2 protein chains.
Amino acid sequence: MDDRKKGASTLKDVANAAGVSLGTASKALAGATSVSEARRRQVWEAARKLGYRRNSLAAELRSCRSTSIGFVVPDLTNSFFIELVCALEDHALECGYRLILAHAQEDPEREAERIRFVLSRQVAGMIIIPCHGYAHAISELRECNVPLVMADRVDNSFPANTVTTDSHRAAMDGTGHLIALGHRRITFIVNALDLVNSRERAQGYREAMRQAGLEQHAKVVVCGMSDTESHATTLGVLSARERPTALFTGANVATLGALRAIRDAGLRLPEDISLLSFDDAPWMSVLRPGISSIRQPVEAIGRAIWNLLHQQLQGEHPEIVHLRMRADLRVRESTAAVPAVPAVTAVPAVPYDPCGETSPASTAPPL
Amino acid sequence: MDDRKKGASTLKDVANAAGVSLGTASKALAGATSVSEARRRQVWEAARKLGYRRNSLAAELRSCRSTSIGFVVPDLTNSFFIELVCALEDHALECGYRLILAHAQEDPEREAERIRFVLSRQVAGMIIIPCHGYAHAISELRECNVPLVMADRVDNSFPANTVTTDSHRAAMDGTGHLIALGHRRITFIVNALDLVNSRERAQGYREAMRQAGLEQHAKVVVCGMSDTESHATTLGVLSARERPTALFTGANVATLGALRAIRDAGLRLPEDISLLSFDDAPWMSVLRPGISSIRQPVEAIGRAIWNLLHQQLQGEHPEIVHLRMRADLRVRESTAAVPAVPAVTAVPAVPYDPCGETSPASTAPPL
DNA sequence: CTGTTAGCGCATTCAC
DNA sequence: GTGAATGCGCTAACAG
């Protein structure tokens, strides 16, 4: 039983209405030069009248050509990825391609499903930022010869083009900044160490601490992928006997959780504790104190990804390259010199409020 | 010249490898009961071996059935829309549908193009949050009988199912909150008045001012869709001779710009000025002062949209309904009682820094 | 320049 | 149960 949509007029309808053959109608609408101006106008007019809309499924099926690019993103909540989406979308549109966004929500299973979905739509190419390792991504993609660029959460061992930020170096820079401010007890709070880039960030932090002779103070804490988890974890860190004088968060989500924890603990930023965030976000610069952050060069990354993909879309098959971009340190006000009299006392025992919305303002020091 | 992908194995390949006919293979993979267990296993095995991947373009073309839902979003930068995307995605997946996201980037032309794109992919249904009026959206969609739900930036005059927040009431509530705190000079900063919901918000604000006998103080300022525009506009508002004691921003983007302006002007929040934001965001509650906001019930909106769409997807054609949800006022610390000695003096003339990153900390009062 | 023809990969009758 | 045949709407190669 054919339950096709009634209203949808097809190319045949247009051809009939215009009194031409199907093939001519197709060419006319495609703007081919091999059709007379008069005929073309007839066809366009008929199409307009009938409200004709090309069925791109059929067109792509027939021509084995697609203008869609699949983009698998792990977390739309993270403004870094959003900015990347916007940048890539602009580039794609400029070249006549469209982005098909697939949201993995940091869930490997969902990611695999999303990849399959996108692939089944016969996209011309794919861009993937994997979540939680990418073994499945490899196996999903190995056999199908779709042009592919992977980004952010990959390392140079991946057998495809990759674009990443030099996380190791950026983390070293950030840690160095805190050390230069006099901090010794710096804790690195990271979402998950099975994400390559997060691991690199942690290693960069460790390396900088080592070089400064501070390895005994180096402390990496894993806080999970959600901001509620990182909130709870950071609260724990802040109530330790020897509270750190500075926190370095490994990603956007961790920053959010850490900030809430700092707030709930009644600590002042940066007087009581400094905070440096790996990953920048628009809101970090609008309040006081502005949050010092490490900003990845999103525009450059987006352009690099697109260039790499575009080469492949054009049929070129250059050698696999692994691009590595340099991140910027943006010093704002959340990082300051360690207080002269270090506050080694533990945080006053504030009741843990899982909601985080109703923490009494009275526990906060006067502004 | 057929440049189809070499590796891609088709159903025919699977059928051959399994030694069955094409039709049988199709049924076996679809899990039809009308095929023997043995045969089915053969086929599945062959498919696995060949790395077969169904071409969903062909499948949908043939069966005139699609499981994709188009979702046209105006601005991925706005966390309200992102949260909506996540909510809707969950619902869709649960019902066996997938979301095809289309990003309009607040550009009517791009929006029209995105709608056409999604439509040409033969989606089963569409969800649209229009940008800048929606006349084009109407005309694009009128003829094609795709199940449709529109949300957020529409009013009840739209000839389709709609789900919206009662912006008028929410804005009245918010304004009332500020008035109750003793504010008189409250300025409403809105992105654009040609967005229905923004207009309603402005009207709600006006109405609340009127009812409080404050119409002479009511002031609505339009600030544009970007945060740089709203930044500049708010700077202007803050340097007026009679500076408002409270700002009420009409949407996320405006809030961001206003906050930056407040910061650049060297004003303290909430001592020098109060701020209430229409639209909530995760970061608004993690810093001090937390930003008081009006939170739309995203989850409820998402569920309502999906229910409405799902009804239509199931072939039901109930009467058109216009659902209107109630928003919450979340009082945090950015709204406080108006200072006893109102600061009517103009802002000190700080140089306008378009970058907004380097405003000297010295212009800020000591924390 | 134009019309005819042959499929793209698949789902779905309909005979057997 | 299974297989052969028939298009979905469209593009592209070919013949006129």
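The structure presented is a predicted model; accordingly, all values stated were derived computationally and were not measured. Numbers restart at 1 for each chain; the letters A, B, ... are given by sequence-line order, proteins then strands.
- Scanning residues 40-49 of chain B for heavy-atom distances under 4.0 Å to DNA chain C yields an empty list.
- Side-chain nitrogen and oxygen atoms of R54(A) include none within less than 4.0 Å of the OP1 or OP2 phosphate oxygen of dC10(D).
- Side-chain atoms of R40(A) come within 3.5 Å of backbone atoms of A32(A) as a donor-acceptor pair (strictly under, hydrogens ignored).
- S26(A) comes within 4.0 angstrom of a nucleotide base, judged by non-hydrogen atoms across all strands.
- Summarising the geometry, the separation between CG on L61(A) and P on dC8(D) is reported as 13 Å, rounded to the nearest angstrom.
- The separation between E60(A) atom CD and dA12(D) atom C1' is 16 Å, rounded to whole Å.
- Between the side chain of R116(A) and the backbone N or O of E111(A), no donor-acceptor pair lies under 3.5 Å.
- Set against dC10(D), dA11(C), dC10(C), the side chain of A58(A) has dC10(D) as its closest nucleotide.
- Minimum atom distance to the side chain of L11(A) is reached by dT11(D), of the listed dG9(C), dT11(D), dA11(C).
- If you check distances only, the side chain of R62(B) does reach the base of dG7(D) with a donor-acceptor pair under 3.5 Å.
- Between R65(A) and dC8(C) there is no side-chain N or O to OP1 or OP2 distance below 4.0 Å.
- Salt bridge annotation for R303(B)-E299(B): absent, with no cationic side-chain nitrogen under 4.0 angstrom from a carboxylate oxygen.
- Separating the NZ atom of K12(B) from the C1' atom of dG7(C) is a distance of 10 Å, rounded to the nearest angstrom.
- Annotation: salt bridge (Lys or Arg N to Asp or Glu O under 4.0 Å) contacts involving residues 69-88 of chain B, sequence neighbours excluded, comprise E83(B)-R295(B).
- Atoms CG (D13(A)) and P (dC8(D)) sit 11 Å apart, rounded to a whole Å.
- Per the geometry, CG belonging to L29(A) stands 9 Å off P belonging to dC10(D), to the nearest Å.
- Contact check, S36(A) against dT2(C): a side-chain N or O comes under 4.0 Å of OP1 or OP2.
- Atom P of nucleotide dC14(D) and atom CG of L22(A) are separated by 19 Å, given to the nearest angstrom.
- When heavy atoms are screened at a 4.0 angstrom cut-off, S34(B) is found touching base atoms of the nucleic acid.
- One atom, NZ of K27(B), and another, C1' of dA11(C), lie 9 Å apart when rounded to the nearest Å.
- Taking atom CG of residue N55(B) and atom P of nucleotide dA11(C), one finds them 9 Å apart after rounding to whole Å.
- Remark: T24(B) is not in phosphate contact with dT2(D), judged by side-chain N or O atoms under 4.0 Å from OP1 or OP2.
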